[in-house]
Amino acid sequence: MQHTERHRTHRIGWLRAAVLGANDGIVSTASLVLGVAASGATTETILVAGVAGLVAGAMSMAAGEYVSVSSQSDTESADLAREKQELADNPRQEHAELKAIYVERGLDEQLAGQVATQLMEHDSLGAHARDELGISETLAAKPVQAAFASAATFAVGAAMPLLMVVLLPAATLMWGLSGSSLVFLALLGLLAARAGGAPIVASVVRVAFWGALAMGLTAGVGALFGVAA
């Protein structure tokens, strides 16, 4: 029988990293540019600061994602190694643990024992990894994938406000950049909701609100401490 339901859980790893990267790219670069612009800097200075923020941010996102997800992967590997040893040393106890899990989920004692037996005969470590440890192929940590997704999407997100710096005249840069960045953030929230199957309105509002707050605070700092050029 063909499985026709469309689930999106397999997208969690790269989707989280991609949304985080693009959101951070738009918010941090737009905020940086607004802060520098509010200080009275020239367009060239604003653009240099924005490009530097793009490069530094993309590398920071990649490094941060790789380190954090690698730590998760190391923990998973250690747990799997421990579980493998426990299966070799005390298979009866491990069978009892798996059976108890299925009983807790609603199976009766006999059926839970049969399920545990058959799953352990088929793939003992996989059954315990999935049902006891909560580790599955779909949700397993993938450090390289997360790092590349974060860096690439950060760069794409950061390029959007930088494009506005090039296109908009200096007189309208502050308002034009703020408005366009909010539009970019709203589109990001829309795409993330569509890709992940989440409520669209809540996703758009959440992303746009925090982006507007960050840009407003940074522009305020630039206006407060900046010196007009």
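In what follows, residues are counted from 1 in the order of the sequence shown. All figures in this text were calculated on a predicted structure; none of them were measured in a lab.
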Inset, instruction - Go through His95 and Leu98 one step at a time and tell me if the side-chain contact (heavy atoms from CB on, under 4.5 Å) criterion holds. - result: CA-CA 5 Å; His95 179 276; Leu98 201 59; 5.8 Å; no

Inset, instruction - I would like to know whether Ser28 and Phe154 meet side-chain contact (heavy atoms from CB on, under 4.5 Å); could you show each step before the answer? - result: CA-CA 10 Å; Ser28 63; Phe154 182 97; 3.5 Å; yes

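The salt bridge (Lys or Arg N to Asp or Glu O under 4.0 Å) contacts involving residues 84-100 comprise Lys99-Glu109, where partners must be two or more places apart or lie in separate chains.
Between Ala62 and Ala151, the shortest heavy-atom contact is CB-CB, 3.7 Å. Across Ile26 and Pro161, no two heavy atoms sit closer than the pair O-CG, 4.1 Å. A pairwise comparison of heavy atoms in Leu119 and Ala127 identifies CB-CB, 4.0 Å as the closest pair. Taking all atoms of both residues into account, the shortest heavy-atom contact from Leu111 to Asp108 is N-OD1, 2.7 Å. Across Ala159 and Leu54, no two heavy atoms sit closer than the pair N-CD1, 3.9 Å.
One finds the CG atom of Leu177 at 8.5 Å from the CZ atom of Phe184 (value rounded to the nearest 0.5 Å). The OG atom of Ser60 sits 10.0 Å away from the CD atom of Glu65 when rounded to the nearest 0.5 Å. Note that NE2 of His128 is 12.0 Å distant from CG of Leu80, once rounded to the nearest 0.5 Å. With values rounded to the nearest 0.5 angstrom, Ser180 atom OG is found 13.0 Å from Trp175 atom CH2. Interatomic distance, OG of Ser178 versus CE of Met164, reported as 12.5 Å (0.5 Å rounding).
Following chains of ILVMFWY side-chain contacts shorter than 4.5 Å, one cannot reach Val103 starting from Met120, and the two form parts of different hydrophobic clusters. By the rule that hydrophobic residues join a cluster once side-chain heavy atoms approach within less than 4.5 Å of another member, Leu167 and Ile46 end up as members of one cluster. Tracing side-chain contacts under 4.5 Å through hydrophobic residues (I, L, V, M, F, W, Y), one never reaches Met59 starting from Leu162; they form parts of separate clusters. Both Val156 and Leu163 belong to a single network of hydrophobic side chains, linked directly or stepwise wherever heavy atoms of I, L, V, M, F, W or Y lie under 4.5 Å apart. Hydrophobic clustering of Ile, Leu, Val, Met, Phe, Trp and Tyr side chains at less than 4.5 Å, counting indirect connections, keeps Val48 apart from Leu32.
In terms of the side-chain hydrogen bond (donor to acceptor under 3.5 Å, both in side chains) criterion, Asp74 has no residue partners (sequence neighbours excluded). With sequence neighbours excluded, the residues satisfying salt bridge (Lys or Arg N to Asp or Glu O under 4.0 Å) with Asp79 are Arg82.
Side-chain N or O atoms of Thr29 include one that pairs as donor or acceptor with a backbone N or O of Gly25 at under 3.5 Å.
Using a 4.5 Å heavy-atom threshold, the side chains of Ile101 and Glu104 count as separate. Side-chain contact between Thr43 and Leu173: absent, with no pair of heavy atoms (C-beta onward) separated by less than 4.5 Å.
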